Structure formats: structure tokens, C-alpha cells
Amino acid sequence: MIGSIKAKVGSLIGDKELEAKGHVQNAEGKKDRLKGEIKETIEDVKDKVKAGVEVVKEKFTGSDKK
């Protein structure tokens with residue numbers, strides 16, 4: 001968000017360097033957010049796979065039979 005503000009302020013006052021720095025900062029923020037979302041998704045998938053493996057193990061070992 002700060003990058004967007006810098007870019008807008010730079011544009012308004014005619015400071016091309018500030019505007020460019022704002023665009024770069026904004027892009028870096030988006031990249032970091034995307035990396036975080038990808039990591040969370042990977043962890044969710046790992047948890048689901050682990051749970052699925054446990055279910056399959058129970059089926060083969062018969063531990064769910066009463």
C-alpha cells in the first residue's frame with residue numbers, strides 16, 4: 001500500500017524517481033503476499049495428504065474395525 005501511495009505522490013508532484021520507487025515497492029509487496037499464500041496452500045495440501053495417508057493406513061491395518 002505504501003508503494004502505491006509513493007507512486008501516486010510521485011506522479012502528482014512530477015517526481016519520476018519517487019513514482020518508480022513506489023511502483024517497485026508495490027510490486028515487491030505483491031510478490032511477498034503471493035509467496036505467503038503459496039506457502040499456506042502448500043501446508044494445507046500437506047496436511048490433507050497426511051490425513052489421507054492416515055485413513056489409508058487404517059484401512060490396511062484394520063484398526064478401524066470393531
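Quick caveat: nothing in here was measured; it's all calculated off a predicted structure.
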Which side-chain N or O atoms in residues 48-56 pair as donor and acceptor under 3.5 Å with protein atoms at least two apart or in another chain?
none

Qualifying side-chain hydrogen bond (donor to acceptor under 3.5 Å, both in side chains) pairs, either residue in residues 8-18, two or more places apart: Glu17-Lys21

Just grab all the side-chain hydrogen bond (donor to acceptor under 3.5 Å, both in side chains) pairs involving residues 22-39, residues at least two apart or on different chains. Ser4-Asn26, Lys6-Gln25

Hey, any chance Val24 and Leu18 share a hydrophobic cluster, counting ILVMFWY side chains that come within less than 4.5 Å of each other, even indirectly? no

More than 12 heavy atoms from other groups under 6.0 Å of CG on Leu12: yes

